Amino acid sequence: MANHKDVLFGLYSDEEVLLKAVKKAKAAHLDIMDVFTPFPVHGLDEALDLKESRLHIVGFIFGLIGSLTAFLGMTWIFTDDWPIIIGGKPYWSVPAFIPITFELTVLFASIGMVVVFYVIGGLGPGVTNPTLDDRITDDKFCIAFDQHGMSDKDIDKVKSFLKDSGAEEIHTKTI
Amino acid sequence: MNTFTFERSQRMFLGTLMGIGLLCAIILLLQHDPLKARFWSDFLHNSVFFSGIAVMALFFMGASITGMAGWYTVFKRVWESFSLFLIVGIIFMIILGLGNYLGFHHLYHWNDAETVADDVLLKGKSHFLNKGWYLLGTIVIMGGWIYFARKLRALSLEEDQDPGHDFEKHRKMRVWAAAVLPFIGFSSAAVIWLWVMSVDPHWYSTLFAWYSAASWFVAMVAMTIMIIGYLQSKGYYPEFNRDHLHDLGKFLFAFSIFWTYLWFSQFMLIWYGNVGEETTYFFTRRDHYPVLFYGNLVINFVLPFLILLRNDTKRKLGTMFFVSGLVFFGHWIDYFLMIKPGVLHTTQALSAAGEDHGSHAIAAGFGMPGFLEIGMMLGFLGLFIYMVFWQLSKASLIPKNDPYLAESLHHHV
Amino acid sequence: MSHSPVSPIRAPLVEGHKTYHQITEDLSTPTEKRPNAAWWGAFAVALTFLTIGVICIVLTIWDGITEWNLNRTIGWGWDITNFVWWIGIGHAGTLISAILLLFRQKWRTGVNRAAEAMTIFAVMCAALFPAIHVGRIWVVFFFFPYPNSRGPLWPNFNSPLLWDLFAISTYFTVSLLFWYTGLVPDFATLRDRSKGLRRKMYNFVSFGWTGSAKHWQRHESLSLVLAGLATPLVLSVHTIVSFDFATSVIPGWHTTIFPPYFVAGAIFSGFAMVQTLMVITRKVLNLKQYITLEHIESMNKVILLTGTIVGVAYLTELFISWYSGYIYEQFAFFNRALGPYWWSYFGMMLCNVISPQLFWSKKIRRSVWWTFFMSIFVNIGMWFERFVIIATTLARDYLPSSWSYYSPSWVEIGIFLGTLGIFFTFYLLFTRLAPVVAVAEIKHILKSAGDQYIGKDAHHHHSSEITQES
């Protein structure tokens, strides 16, 4: 990480408290950097105004590529590249092409989606992303603010917000 | 609006539909055709199709109760009402069963003593394909379905009065619901062979029963969406939200694909094996009914697949109503394609009595559904909805003491 | 925001009034403690089996298929029986994760992780058999279509055996991706609890997971779409396995019900194997509060259901063979039930259709011992089913002069034992390296399925209580 960030964060121990806090922060126009939770919290993406994931579109496109690869590939091989009569069936035996077409659709869609998921999220084998607290993957729910560009007054405002909204611990950490 | 009032205008409208059906039936019976094959094949087609929708509603209700599903509870009464249509269905099927004895109709080649005498295969099958089994099987099996449907309905109504200590009524319902699953599982196959598969008495396919049951099932889900859509437009079921619709849409989508899977499995294996006795079934349909044969796949697979792939469309009542209408009609066509070619063949064989054997001229109402077929279908549809509304009006629209009701009311995806 | 209401009739799925932290503790410790004697014992046995398997496989490769008792008519014996059996077992994982997710069956959460792992190991065992069956394992890559210097000569895309290759490779890949993507957040939990080398190791495999809201959102979306894709995929795999038989014109194999019937059988045997493993795992790793009797009962219900579906299929086949009026078809089934292999047909009917009917009794469904024995029974029965389909049919085909009786050589038996060894070795390692129960997912359902929130012992002041008005 080239540029370090000073992060101010509060830890909560219940997701319902966290969700209320996030909504309050949004209402108060506080600029949340990120929220970290040990499991997916229902309703959090709406509270944070996260855009709907478009991963399924990626899957659709990759799936389509898979279908076409399989179907057109087999068509080319069996009608043009090396036509061969098998079991008295025509060269272009559509019913016999369906199973492989289906399998490659699923294969391409799945691999494409998973790879895109890791790449756009900056995740991957051996990647080390800085974490704020080890308990976030256990039982703590965290709202984090980037202190960059904040005046001392702003920082106090955020701290008091964290405290009022039920954060049990408030820390700063440079990551 | 927790009770449904069956209004006069609705009764009038449904009565008109039934009138149209009756009129078409009379026209068909007056036509010059000694065997009245067109009328009776339409009668069989619609009786089987609508009875099937009813039994699939019963089956799905049984499966949902057994699987402890909660989401559907809001509109459970709709399925209860569907399942009670079986009481009407059994009357039609008994008429057909008696017809085998009294010679009203000549739908089944195996019922012609002369043909059977000369046909080794039909003689071999005659222990199963005979009028006695047809009638007895129909009465016993459909009677059993009705028994279960009424039992589940009765428990559901009793629960409205008093759920019993620790949901006693619901727990009792679970026992009946679990028992209905294997019963329908085993028995539906037997009647499908008798009613539908045996119109092509030489042909057989082990998958046939599951394939045609899947067709019923999709039609049932489509019907559910349309009925609830209509009721909502009248202000009923305000509790039925977009998420319930979404779930029904998922079922419509998933089971359309499942139906296609079964269609493909049956077709591909017969195509691949290339055994003449089996392929003749598909040759007849592909060569003489190309529009319906390919149209069947377009309406029942391609269109619902493309339209329902996106989540947004599954949440729009208008789109869902349209797709449901489409696949409902599509599966009606599917049954048309299962029944008509076989009956036509039998009719030609019987009426020509050897002279003109092998002519494949397709009689009116056999190659493509004509106005009279559509009219007959509307008549049955009117009757079906009439019975459903009548049952709906007899109890509150929402089973208020069902233990899963709260989950269903707050259902969100 | 309060949680959606939960029906008062539902039983809790997480027992012992767990907090989030306790869940982390309970589910992570098996990977952090030194294994006990029972684990070492089991591991030693598994490794012994594995060694036997390796020896037999080496013998097969060295000498060729002659080491097996296959012959001119019986070209498929124990090898393909085992192949289909393992593939079938490999269906439960994806079924539990994908189909039950779509059907909103919450109880899947306790068992999905282990079932998915089992899927992957079972598919590995299955894939071994076609690879060694072809005889020349060193050119096994000829299976795959790739531009080559032989023409290029392509494989036969019209052959169900090639479809099978595509189906199984796809299934293996997608199951692995699905399973691993679910594991990433749990690996992060293990990472954050550890120090030193162990931390480095789990840091590597947890892919830098932080639990950021955007990541979770995408993770959920990914899981859902993968589940949607895996559902038809899981159906397709055993369907295509059934095509290996059903596209032929051999009586007893050429039957259209095979695709869905194989799928139902696969689910049936897969759940049986999950039961076998879960009953032991929950005891040894002390996870009874996460894999509860409620879970076991639900799985037993699925076993009863699929066993009955398989029963419908058996009877359909039997009936239609008579109905067909086709003497070869009729003979094939007569031979199955009353021919020289009658015992395998009897075993199949007894273990698959008749004995699961015991699960109509709630008491038996909730008995751990009964569950364990029944699961073994079903595993045996499903093995018999494949044996009946494969060996019985081939031993009595069209030409009576080539009829014979097939029984396996010790090498074939050794390879089967070897795959059991591979399977259990991997499973035992898995229980030490990753949480057997999905940590994040259990936390996710805690408030709607924990026994402090729902059921008899719930604290009744809590928000999840039922309100009847809407």
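Order of the sequence lines fixes the chain letters, A, B, ..., with proteins taken first and strands second; residue numbering starts at 1 for each chain. Since we're looking at a predicted model, the values are computed, not measured.
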Taking a cut-off of under 4.5 angstrom between non-hydrogen atoms, the residues of residues 221-230 of chain C near chain A are C:Ser221, C:Leu222, C:Val225, C:Leu226, C:Leu229
Chain A contacts: which residues in residues 22-30 of chain C have a non-hydrogen atom closer than 4.5 Å to it? C:Thr24
So what's closer than 4.5 Å to chain C heavy atoms on [X]: side chain, backbone, both or neither?
| X | value |
| --- | --- |
| A:Leu44 | side chain |
| A:Asp138 | both |
| A:Ile111 | both |

Just by distance, do the side chain of C:Gln217 and the backbone of A:Lys51 share a donor-acceptor pair under 3.5 Å? yes
Any donor and acceptor pair, going by atom type alone, linking the side chain of C:His444 with main-chain N or O of A:Pro40 inside 3.5 Å? yes
[X] versus chain A, heavy atoms under 4.5 Å apart: side chain, backbone, both or neither?
| X | result |
| --- | --- |
| C:Asp186 | neither |
| C:Trp163 | both |
| C:Leu233 | both |
| C:Pro160 | neither |
| C:Thr173 | side chain |
| C:Val439 | neither |

Salt bridge check, A:Asp134 against C:Lys195: does any charged N sit closer than 4.0 Å to a carboxylate O? no
Residues A:Lys140, C:Asp192: salt bridge by 4.0 Å N-O rule: no
Smallest separation among heavy atoms of [X] and [Y], with atom names:
| X | Y | answer |
| --- | --- | --- |
| A:Thr131 | C:Arg191 | CG2-NH2, 3.7 Å |
| C:His215 | A:Gly121 | NE2-O, 3.0 Å |
| C:Lys443 | A:Pro38 | NZ-CB, 4.2 Å |
| A:Leu48 | C:Ala213 | CD1-CB, 3.5 Å |

From [X] atom [atom1] to [Y] atom [atom2], the distance as rounded to the nearest 0.5 Å:
| X | Y | atom1 | atom2 | answer |
| --- | --- | --- | --- | --- |
| C:Arg193 | A:Arg135 | CZ | CZ | 13.0 Å |
| C:Phe157 | A:Ile77 | CZ | CD1 | 4.0 Å |
| A:Phe39 | C:Ile442 | CZ | CD1 | 11.5 Å |
| C:Trp154 | A:Ile84 | CH2 | CD1 | 13.5 Å |
| C:Ser159 | A:Ile86 | OG | CD1 | 8.5 Å |
| A:Phe36 | C:Lys214 | CZ | NZ | 14.0 Å |

Should we count [atom1] of [X] as having more than 12 external heavy atoms under 6.0 Å?
| X | atom1 | result |
| --- | --- | --- |
| C:Asn156 | CG | yes |
| C:Arg198 | CZ | yes |
| A:Phe60 | CZ | no |
| A:Lys26 | NZ | yes |
| A:Glu52 | CD | no |
| A:Asp152 | CG | no |

Anything under 30° is parallel, anything over 60° is perpendicular, the rest tilted; go ahead and classify C:Trp209 against A:Phe117. tilted
Parallel, tilted or perpendicular: which fits the ring planes of C:Tyr20 and A:Phe141, with parallel below 30° and perpendicular above 60°? perpendicular
In the structure I gave you, are the side-chain heavy atoms of [X] and [Y] within less than 4.5 Å of one another anywhere?
| X | Y | value |
| --- | --- | --- |
| C:Thr170 | A:Phe108 | no |
| A:Phe97 | C:Asn158 | yes |
| C:Pro152 | A:Asp81 | yes |

Under a 4.5 Å heavy-atom cutoff, which of [options] has the most pairs with chain C?
| options | answer |
| --- | --- |
| A:Ile100, A:Val35, A:Leu55 | A:Ile100 |
| A:Ser53, A:Pro99, A:Ser110, A:Pro125 | A:Pro125 |
| A:Ile120, A:Val41, A:Thr105, A:Ile136 | A:Ile120 |

Could you check C:Tyr171 against A:Val106 for side chain to side chain contact (heavy atoms under 4.5 Å, CB included), going step by step and ending with a plain yes or no? CA-CA 9 Å; C:Tyr171 186 57; A:Val106 173; over 6 Å; no
Please rank [options] by heavy-atom pairs under 4.5 Å with chain A and give me the top one.
| options | value |
| --- | --- |
| C:Leu190, C:Thr210, C:Leu162, C:Val184 | C:Thr210 |
| C:Leu165, C:Thr19, C:Val174, C:Thr247 | C:Val174 |
| C:Ala167, C:Gly151, C:Pro145 | C:Ala167 |

